[in-house]
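One structure is given here, and the rest of the page talks about it.
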2 protein chains.
Amino acid sequence: MSDITTTLKTKGIRPTAMRSLVYQELAKQDTAVALTDIELAFTKADRTTLYRTVKTFEENGIVHQIDDGTGISKYALCEPGCNCEIENDLHLHFHCSNCDKTVCLTEHKIPQISLPDGYVAEDVNLVVKGICSDCSGS
Amino acid sequence: MSDITTTLKTKGIRPTAMRSLVYQELAKQDTAVALTDIELAFTKADRTTLYRTVKTFEENGIVHQIDDGTGISKYALCEPGCNCEIENDLHLHFHCSNCDKTVCLTEHKIPQISLPDGYVAEDVNLVVKGICSDCSGS
DNA sequence: AAGTTAATGCACTTCCATTGCACTATAATT
DNA sequence: AATTATAGTGCAATGGAAGTGCATTAACTT
Ligand SMILES: [Mn+2]
Ligand SMILES: [Mn+2]
Ligand SMILES: [Zn+2]
Ligand SMILES: [Zn+2]
């Protein structure tokens with residue numbers, strides 16, 4: 001039984017061929033990807049299937065969705081040991097305005113945010129926009 | 001010459017009737033609003049006009065756009081003295097998962113964010129999702 | 001008032017997200 | 001192993017928000 005199959009089972013979902021392939025594809029990435037990116041990698045598979053696969057992954061803490069401000073949802077595999085379906089993994093995200101890539105900065109946790117009285121925080125989303133290290137040339 | 005007219009002229013745009021009305025509508029709000037909200041307030045005006053009016057406001061530092069993670073852009077009047085078309089006004093935003101309202105927490109500035117080497121920050125978006133003071137009942 | 005420039009309204013388009021339903025594969029039961 | 005139940009997949013269609021082209025109208029300049 002493959003490594004990915006085990007992972008999927010552990011997360012409580014059926015390890016279908018499609019899911020294993022999508023998982024593999026996501027694991028290859030060093031940036032967060034949009035659904036259309038995944039579509040391009042699987043021209044034979046249906047958009048809906050990929051869509052639902054990613055949704056399933058999200059609901060089961062395999063990937064997390066990133067709203068990078070472009071209006072297009074991005075997805076990235078969760079870190080090993082991440083429990084973001086229960087408690088949020090509050091790392092920050094970076095969106096490069098030059099190459100349009102979005103990356104997880106998993107080492108950079110979001111600082112504690114103070115709120116006015118009466119406000120209760122459930123989730124925090126912090127996205128920095130700018131020039132990534134590949135594009136700044138340093 | 002009305003107050004709003006002066007404001008619009010100061011910001012460098014023509015003070016049309018439509019713009020004054022939209023400005024007035026935005027000034028009434030205590031939360032950030034979507035374009036569809038504005039549409040509902042001006043059933044006689046065309047969507048496109050409202051769309052371009054808000055865009056113009058945004059380009060001229062009259063309103064700022066807020067990406068609250070819902071996928072629907074929200075807009076709010078800038079604070080007096082805000083220069084967000086030149087330099088970002090980095091206050092945080094709160095989106096209530098109960099009443100779906102988005103508010104500017106203009107007093108709560110976004111803390112300095114450290115980035116890995118090579119990354120250059122141009123803009124920061126910080127959105128806290130949770131229960132607002134109206135909904136938490138405290 | 002005439003001429004110029006900008007704003008508005010209408011129609012149309014694009015893009016991503018999402019759903020319903022039929023079909024197929026997988027797993028469980030007999 | 002065959003049957004039944006359950007879950008996944010593919011196709012088609014829909015919805016919602018954002019954006020564009022162009023003709024018309026209003027606002028400003030002279
Ligand atoms: Mn991430
Ligand atoms: Mn704001
Ligand atoms: Zn880049
Ligand atoms: Zn609320």
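Chain letters run A, B, ... following the sequence lines, proteins first and then strands; every chain starts at 1.
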Are a donor atom and an acceptor atom from the side chains of A/T106 and A/H91 found within less than 3.5 Å of each other? no

Could you check how far [atom1] of [X] sits from [atom2] of [N], rounded to whole Å?
X	N	atom1	atom2	result
B/K9	D/dT29	NZ	C1'	13 Å
B/D67	D/dA17	CG	C1'	13 Å
B/F57	C/dA6	CZ	P	18 Å
A/L35	C/dA17	CG	P	6 Å
A/Y75	C/dC16	OH	P	12 Å
A/L8	D/dA7	CG	P	17 Å
A/I72	C/dT18	CD1	P	13 Å
A/D46	C/dA17	CG	P	15 Å

Ignoring hydrogens and geometry beyond distance, is the side chain of [X] in donor-acceptor contact with the base of [N] at under 3.5 Å?
X	N	result
B/R52	C/dG9	yes
B/R47	D/dG16	no
A/T48	D/dC11	yes
B/R19	C/dT8	no

Step-by-step side-chain contact (heavy atoms from CB on, under 4.5 Å) determination, A/K9 to A/K11: CA-CA 5 Å; A/K9 278 191 178 172; A/K11 293 288 186 175; over 6 Å; no

Which of the following nucleotides, D/dT9, C/dA6, D/dG21, is nearest to the side chain of A/T49?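 Looking only at heavy atoms from C-beta outward on A/T49, the closest nucleotide is D/dT9.
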
Tell me what [X] touches on the nucleic acid: a base, only sugar-phosphate, or nothing, going by heavy atoms under 4.0 Å.
X	answer
B/P15	sugar-phosphate
B/T16	sugar-phosphate
B/T56	nothing
A/K44	nothing

Taking for each residue the nucleotide of DNA chain D bearing the nearest heavy atom, is the 5' side occupied by B/R14 or by B/G71?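 Taking each residue's closest nucleotide, the earlier one in sequence belongs to B/G71.
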
D/dA18 phosphate, OP1 or OP2, under 4.0 Å from B/S73 side-chain N/O: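 Yes, B/S73 has a side-chain N/O under 4.0 Å of OP1/OP2 on D/dA18.
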
Tell me whether the OP1 or OP2 atom of C/dT18 has a side-chain N or O from A/K55 closer than 4.0 Å.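 Yes, such a contact exists.
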
Hey, does the side chain of A/T31 reach the backbone of A/K101 with a donor-acceptor pair shorter than 3.5 angstrom? no

Answer yes or no: is there an ion pair linking A/K129 with B/E122, defined by an N-O contact shorter than 4.0 Å? no

Measure centre to centre between the rings of B/H93 and B/H64, then say whether the value is under 6.0 Å.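 Close enough - the centres of the two rings lie under 6.0 Å apart.
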
